[in-house]
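Please read the structure below before turning to the comments.
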Amino acid sequence: MNIEPLVLFAVLTPAMGAALIWQFRQWPNIRDGISLATAALLFALVVSFYADVAGGLRLTAYSSEIMPGLELGFVVEPLGLMFALVASLLWFVTTVYSIGYMRGQNAAHQSRFFIFFALSLSATIGIAFAANLFTLFIAYEALTLTTYPLVAHYGTPAAKAGARVYIGLLLSTSIGFLLVAIIWTWSLAGTLDFVPGGILAGRAEPWVVGVLLALYVFGIGKAAVMPFHRWLPSAMVAPAPVSALLHAVAVVKAGVFCVLKVVIYVFGIDLLAELGSGRWLMYVAAATILLASLVALREDNIKARLAYSTISQLSYIVLGAMLASSLGIIGGAMHIAMHAFGKITLFFCAGAIFASTGEIVLSRMRGVGRRMPFTMAAFFVASLSIIGLPPAGGLWSKWYLALGTLDAGEYLLLGVLLISATLNAAYLIPISIRAFFSPADNPVYDQGIHEAPPLCVAALCFSAFGCLVLFFYPDPFYQLATSLVQ
């Protein structure tokens with residue numbers, strides 16, 4: 001069976017689901033069933049590509065030629081497949097969670113919410129399977145535009161202000177830096193295709209390579225490298241399912257995925273290793289890792305703490321890319337998956353706590369674990385993954401990143417990773433300890449178990465279980481990551 005035509009179908013599946021949701025927007029049960037069925041179909045399509053891509057094939061589906069040499073096209077290669085697997089699986093899980101959360105909150109405009117949710121996943125899969133920089137840029141901008149209504153969903157002044165910061169920063173960086181880098185790359189290489197080994201070797205002076213790399217790293221604002229990170233905490237005004245989507249599945253992972261893809265397929269790790277063009281950017285990423293962790297440590301709003309944690313964790317992947325080594329690329333690629341499962345669980349838990357108690361302030365959550373034991377147990381497991389402790393999958397990506405720093409002789413960066421892990425523990429573990437063992441702030445916390453809606457609890461338990469599974473069975477993602485550097 002020729003599955004290459006299915007590549008384009010996979011990109012369009014969520015958009016077609018969005019159209020059906022619109023058609024049945026007056027019937028909530030049918031609408032939600034369509035959302036779940038579309039997510040399941042997308043995941044099945046993406047999984048069907050695994051055997052061929054893991055075997056060394058690249059599945060190509062060009063849709064149209066805009067002008068000579070400039071095509072809107074899609075290809076499934078190992079890094080894109082890894083991102084698509086994570087995004088499609090966690091989209092299904094987030095859809096389950098969203099149905100329980102939005103119904104439990106009796107939220108307004110639920111049909112609009114699920115329509116843009118689906119459209120954002122279509123853009124995400126477009127980014128994952130982009131065959132060239134032109135397609136990547138189109139899908140990248142589409143993701144920004146389709147997630148804007150989700151950030152502004154509540155329609156309050158705070159939501160609108162946060163959404164303006166969100167779209168303003170992401171559009172200004174992509175147009176001001178990323179688009180310039182893409183046009184410059186085309187003028188140098190004569191192509192925008194993603195090619196193993198890169199397309200710039202022998203075609204640009206060392207200083208040009210360095211400037212281009214900086215334009216890409218800062219132009220891909222979704223990677224949230226400081227100082228272009230403010231959009232991410234501003235987006236915390238969104239509903240909890242949107243925060244989970246932004247911080248674990250679509251937006252931030254799209255950012256760091258784009259950085260990795262550009263390093264591997266535009267520059268090539270051999271060129272960057274030879275020229276050392278990414279060395280100063282390693283330290284920018286390291287500074288982001290530490291500074292964001294320190295800010296997270298002082299935040300008392302649970303979503304704000306998790307937002308700054310995300311900023312820190314994203315720069316692990318940027319750091320892996322800038323190491324320009326096999327181990328750094330493997331660690332960075334695996335961290336896309338490992339962080340996704342851990343962070344989405346934490347945001348699920350934050351939303352569940354709010355749904356059950358109306359509380360978002362950490363200092364007032366002492367004893368909440370006795371009211372919500374499943375939620376806080378999942379929070380603890382996800383915390384282990386974010387820190388990089390067994391038995392959670394986050395250990396493996398951080399292990400390979402640490403080996404990458406040793407392989408590059410960057411012992412200072414190894415120290416950054418170790419200090420960051422300590423800070424991760426400092427701002428996450430006490431939350432679970434106080435939740436289970438401290439006297440309750442609210443007497444109702446000691447009056448029996450009262451979890452969030454069952455669909456919310458099922459989703460967060462599934463993603464927490466995924467953190468454990470990835471510790472014992474990381475092979476699918478490890479094989480895809482290692483094929484990037486073979």
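For the single chain, residues carry numbers from 1 onward in sequence order.
Side-chain contact between F341 and L89: present, with at least one pair of heavy atoms (C-beta onward) separated by less than 4.5 Å. Annotation: side chain of M334 is in contact with side chain of Y478 (closest heavy-atom distance under 4.5 Å). L42 has its side chain out of reach of F92: every pair of non-hydrogen atoms, C-beta onward, lies at least 4.5 Å apart. The shortest side-chain heavy-atom distance between K398 and M338 does not fall under the 4.5 Å cut-off. Within the 4.5 Å cutoff, side-chain heavy atoms of W231 are placed close to those of V251. No side-chain heavy atom of I125 sits less than 4.5 Å from a side-chain heavy atom of F74.
Side chains of S309 and Y427: a donor on one and an acceptor on the other come within 3.5 Å. Remark: the T144 side chain and the K222 side chain contain an N/O donor-acceptor pair separated by less than 3.5 Å. S293 and S312 form a side-chain donor-acceptor contact under 3.5 Å, judged by distance and modelled atom types alone.
Here the CD1 atom belonging to I127 is positioned 10.5 Å from the CG atom belonging to L121, to the nearest 0.5 angstrom. Expressed to the nearest 0.5 Å, how far OG1 of T185 lies from CD1 of I199 amounts to 6.0 Å. Interatomic distance, R305 CZ to I431 CD1, rounded to the nearest 0.5 Å: 5.0 Å. Remark: L423 CG to L428 CG distance equals 10.5 Å, nearest 0.5 Å.
Distance alone, capped at 3.5 Å, places no donor-acceptor pair between the E205 side chain and the V208 backbone. The main-chain N or O of E77 is never found under 3.5 Å from a side-chain atom of R58 such that the two would form a donor-acceptor pair. At distances below 3.5 Å, not a single donor-acceptor pair connects side-chain atoms of Y50 with backbone N or O atoms of L85.
Of the candidates V195, L136, L200, L200 is the only one forming a side-chain contact (heavy atoms from CB on, under 4.5 Å) with V266.
The six-membered or imidazole ring of Y97 lies near that of F348, with a centre-to-centre distance under 6.0 Å. A distance of 6.0 Å or more separates the ring centres of F218 and F177.
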